[in-house]
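Single-structure report; data block below.
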Amino acid sequence: MNDRATMVPRPRLMDRYREWLPVTDATPRLSLGEGGTPLVRTERLGARYGLRNLHVKVEGMNPTGSFKDRGMVVAVAKAIEGGARSIICASTGNTSASAAAYGAAAGLEVVVLLPKGAIAAGKLLQALVAGARVVAVDGNFDAALSVVRALAERDDHPISLVNSVNPHRLAGQKTAAFEICDDLGRAPDILAIPVGNAGNISAYGAGFTDYAMAGIVERRPRMLGFQAAGAAPLVLGRPVDRPETIATAIRIGNPASWTLATAARDESGGRIEAVTDDEILAAYRDVASEEGIFCEPSSAASLAGVAKLARAGELDPDATIVAVLTGNGLKDPHTAEAAVGDRILEAASSVDGVRAALGW
Ligand SMILES: *Cc1c(COP(=O)(O)O)cnc(C)c1O
């Protein structure tokens with residue numbers, strides 16, 4: 001047998017979890033290889049935070065570099081099944097990168113609305129290179145979302161909305177909770193996750209509930225959601241007019257899945273709390289320097305929250321904790337540059353020159 005014959009392909013997300021998804025025989029078998037991301041048990045980072053069972057779910061390993069692909073593959077497949085030729089979304093960056101990629105693979109017209117000047121460079125380029133029509137609006141994400149919702153309701157230019165208010169997005173995103181349980185052989189005690197528009201925490205909540213109801217896991221984890229302090233409507237209990245944070249993927253003042261997210265929190269005995277930008281950046285550096293995992297700043301909100309609660313003595317050091325790292329650090333080189341400062345040593349290209357630069 002040659003290599004090709006013995007190669008076992010990764011199962012497609014929509015095939016692997018078909019029974020849990022709105023997939024029918026008429027649903028196109030769209031895939032860019034999403035899902036199946038690593039669950040990494042951290043040794044050094046866990047020790048640093050005083051936690052013996054800290055894991056991270058590395059969602060930056062998805063095809064476009066964020067968890068958004070899990071929901072987008074389902075939303076786009078269902079849009080095609082329903083006869084759509086065009087899709088539209090508002091985005092803080094990753095939804096547009098994902099919509100652009102899956103839309104391109106399916107031959108659809110893709111329109112994305114982005115808050116002008118508030119998108120990480122890599123995400124904007126992903127959408128542009130994939131050929132999406134990008135509209136930078138003079139307003140924040142919340143404003144852009146209300147415009148696309150209104151556009152998708154009009155009949156004069158039929159277009160399918162693929163924001164996380166689309167239930168197929170949340171259905172697809174549940175698969176990350178399934179994978180975590182399948183990998184651990186049980187549900188974690190605690191699931192820590194960044195919260196922006198609040199779709200993902202809702203999807204995880206639904207996924208754990210599905211598995212618990214089916215008897216695949218005994219209990220559901222406590223859900224710990226973390227928002228950036230300058231964009232923490234769920235912590236304050238009211239919308240924030242001008243959300244501000246370096247974590248642009250969670251710079252959202254009025255989350256669309258508000259009710260679902262607070263229900264997921266309350267049903268699990270969990271909490272949604274705020275972390276500052278400094279705490280986010282510290283966790284962002286910690287996970288890269290202790291574990292070699294480069295996530296984007298928004299993703300590090302989950303770890304920042306875990307670190308903070310661990311320091312306050314509010315976490316059992318033996319608890320099985322999974323922190324979701326939602327996106328890939330390569331998307332946002334500018335924040336990385338600012339976070340590390342000027343650390344490059346200069347040297348002549350000789351052994352002595354390099355030894356001198358290193359102080360050897
Ligand atoms: C979209 C996104 C979030 C926030 O997810 P919500 O479902 O909007 O709460 C967090 N991190 C990254 C990297 C994202 O792309």
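Computed over heavy atoms, backbone and side chain alike; hydrogens, waters and symmetry mates excluded. Numbers for residues simply follow the sequence, beginning at 1. Order of appearance sets the numbers: ligands from 1, and atoms from 1 within every ligand.
- Ile201 and Phe208 fall within a single hydrophobic cluster, where Ile, Leu, Val, Met, Phe, Trp and Tyr side chains are chained together by heavy-atom contacts under 4.5 Å.
- Taken from CD1 in Ile88 to CD1 in Ile159, the straight-line distance is 4.5 Å, to the nearest 0.5 Å.
- Looking only at heavy atoms of the protein, atom 8 (O) of ligand 1 is closest to Asn197 N, 2.7 Å.
- When only non-hydrogen protein atoms are considered, atom 7 (O) of ligand 1 lies nearest to Asn200 N, 2.8 Å.
- Residue Ile252 has no N or O atom closer than 3.5 Å to an N or O atom of ligand 1.
- Using a 4.0 Å cut-off to heavy atoms of Gly196, the atoms of ligand 1 that qualify are 4 (C), 6 (P), 8 (O), 9 (O).
- Between Tyr211 and Phe178, the two ring planes are parallel [angle under 30°; tilted spans 30° to 60°].
- The backbone N or O of Val324 sits less than 3.5 Å from a side-chain atom of Ser302, completing a donor-acceptor pair.
- Screening Ile321, Leu224, Leu51, Ile190 for a side-chain contact (heavy atoms from CB on, under 4.5 Å) involving Leu309 leaves a single residue, Leu224.
- Closest protein heavy atom to atom 5 (O) of ligand 1: Phe67 CZ, 3.5 Å.
- The main-chain N or O of Gly230 is never found under 3.5 Å from a side-chain atom of Thr245 such that the two would form a donor-acceptor pair.
- Considering Lys123, Lys68, Lys331 in turn, Lys123 is the only one that fulfils the salt bridge (Lys or Arg N to Asp or Glu O under 4.0 Å) rule with Glu296.
- For the pair Asn254 (side chain) and Pro239 (backbone), a donor-acceptor distance under 3.5 Å is absent.
- Those atoms of ligand 1 that come under 4.0 Å of a heavy atom in Gly199, given as number and element, are 6 (P), 7 (O), 9 (O).
- Using a 4.0 angstrom heavy-atom cutoff, Ser164 does not count as in contact with ligand 1.
- With ligand atoms numbered from 1 in the order given, ligand 1 contributes 3 (C), 4 (C), 10 (C) to contacts under 4.0 Å with heavy atoms of Ile250.
- The closest protein non-hydrogen atom to atom 14 (C) of ligand 1 is Lys68 NZ, 2.9 Å.
- Ligand-side atoms of ligand 1 in range of Val195: 9 (O), range being under 4.0 angstrom from any heavy atom.
- Residue contacts with ligand 1: Asn94 is placed with a nitrogen or oxygen under 3.5 Å of a nitrogen or oxygen of the ligand (distance criterion only).
- Listed by number with element, the atoms of ligand 1 under 4.0 Å from a non-hydrogen atom of Glu296 are 13 (C).
- In terms of protein heavy-atom proximity, atom 12 (C) of ligand 1 is nearest to Thr326 OG1, 3.2 Å.
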> Under the side chain to side chain donor-acceptor pair (under 3.5 Å) criterion, do Arg48 and Ser289 qualify, and how do the steps go?
Replying inline: CA-CA 12 Å; Arg48 183 172 182 139; Ser289 63; 4.9 Å; no
